Amino acid sequence: MLTKVLEILQQAGYRIVPPPLKVVDIDFQSDFFAVLIGPQNQQSMIVVLDSSRTQIEVARRRINALVTTLDRSGSEIPLTLVLITSESDISKSAQLDTICRVIRVTDASNPQYDLRPLLPLALPEPAEPLPSALPWLFKNLGPPTEDRFEILLAEIAKRGVTQ
């Protein structure tokens with residue numbers, strides 16, 4: 001599932017940080033399965049860990065060390081931990097929420113669902129503009145009259161929305 005998670009994040013514009021990850025002369029690359037930055041030109045950092053390969057307490061210490069180093073270096077890069085875990089281990093990883101943002105990936109069949117907070121929104125294509133309502137309005141107003149309300153209504157409708 002690790003490779004699928006990395007593939008989804010890379011398709012969303014995140015880039016893998018080539019080893020070694022050094023922050024103020026401290027090497028963190030061996031501590032994490034993968035580290036990504038992005039998406040695109042944004043400078044957020046994503047750390048990927050698998051709870052089946054790294055114990056939660058070890059992960060907590062590693063993340064805490066990285067956060068402390070980033071903080072002491074004056075970095076303002078937001079850090080997110082993508083933790084691949086099982087539903088039964090979620091409560092064990094709750095302590096990580098106090099250190100950084102944690103996205104838990106529990107669904108091996110559809111990891112993209114759990115990664116939604118990190119993925120860009122997919123907006124629908126714009127719909128065709130609606131046709132003008134003026135022909136319908138004139139048809140339903142009936143024959144022209146000298147009624148000032150109908151004339152004013154038609155004039156306002158022609159102008160459209162204004163502030």
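Computed from a predicted structure; not experimentally measured.
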Please examine the side chains of [Y] and [X], heavy atoms only from C-beta on, and report whether any two atoms are closer than 4.5 Å.
| X | Y | value |
| --- | --- | --- |
| Ile63 | Cys100 | yes |
| Phe33 | Ile84 | no |
| Leu6 | Tyr14 | no |
| Ser44 | Pro39 | yes |
| Asp97 | Arg104 | yes |
| Glu57 | Lys92 | no |
| Val58 | Arg62 | yes |
| Leu83 | Ile56 | yes |

Check: Ser73 side chain, Leu70 main-chain N or O, donor-acceptor pair, under 3.5 Å:
yes
Distance (rounded to the nearest 0.5 Å) between [X] [atom1] and [Y] [atom2]:
| X | Y | atom1 | atom2 | answer |
| --- | --- | --- | --- | --- |
| Arg101 | Leu79 | CZ | CG | 10.5 Å |
| Thr80 | Leu115 | OG1 | CG | 11.0 Å |
| Asp71 | Glu76 | CG | CD | 10.0 Å |
| Leu9 | Arg15 | CG | CZ | 12.5 Å |
| Arg116 | Ile8 | CZ | CD1 | 12.0 Å |

More than 12 non-hydrogen atoms from neighbouring residues, nucleotides or ligands closer than 6.0 Å to CD on Glu7, yes or no?
yes
Should the heavy atoms of other residues, nucleotides or ligands under 6.0 Å from CD of Gln10 be counted, would the total exceed 12?
yes
Verify side chain to side chain contact (heavy atoms under 4.5 Å, CB included) between Gln95 and Asn64, making sure each step is shown before the conclusion.
CA-CA 11 Å; Gln95 59 193 352; Asn64 199 33; over 6 Å; no
Where is the tightest heavy-atom contact between Pro111 and Ala108, given as atom of each residue plus distance?
CD-O, 3.6 Å
Please name the pair of heavy atoms, one in Thr106 and one in Ile90, separated by the smallest distance, quoted to 0.1 Å.
CG2-CD1, 3.9 Å
Checking side chain to side chain contact (heavy atoms under 4.5 Å, CB included) between Leu2 and each of Val105, Val82, Val48, which is the one that passes?
Val48
Does Met1 share a hydrophobic cluster with Ile16, counting links as ILVMFWY side-chain heavy atoms below 4.5 Å and allowing steps through other members?
yes
Please say yes or no: joined through hydrophobic side-chain contacts below 4.5 Å, possibly via intermediate residues, are Leu49 and Ile77 part of one cluster?
yes
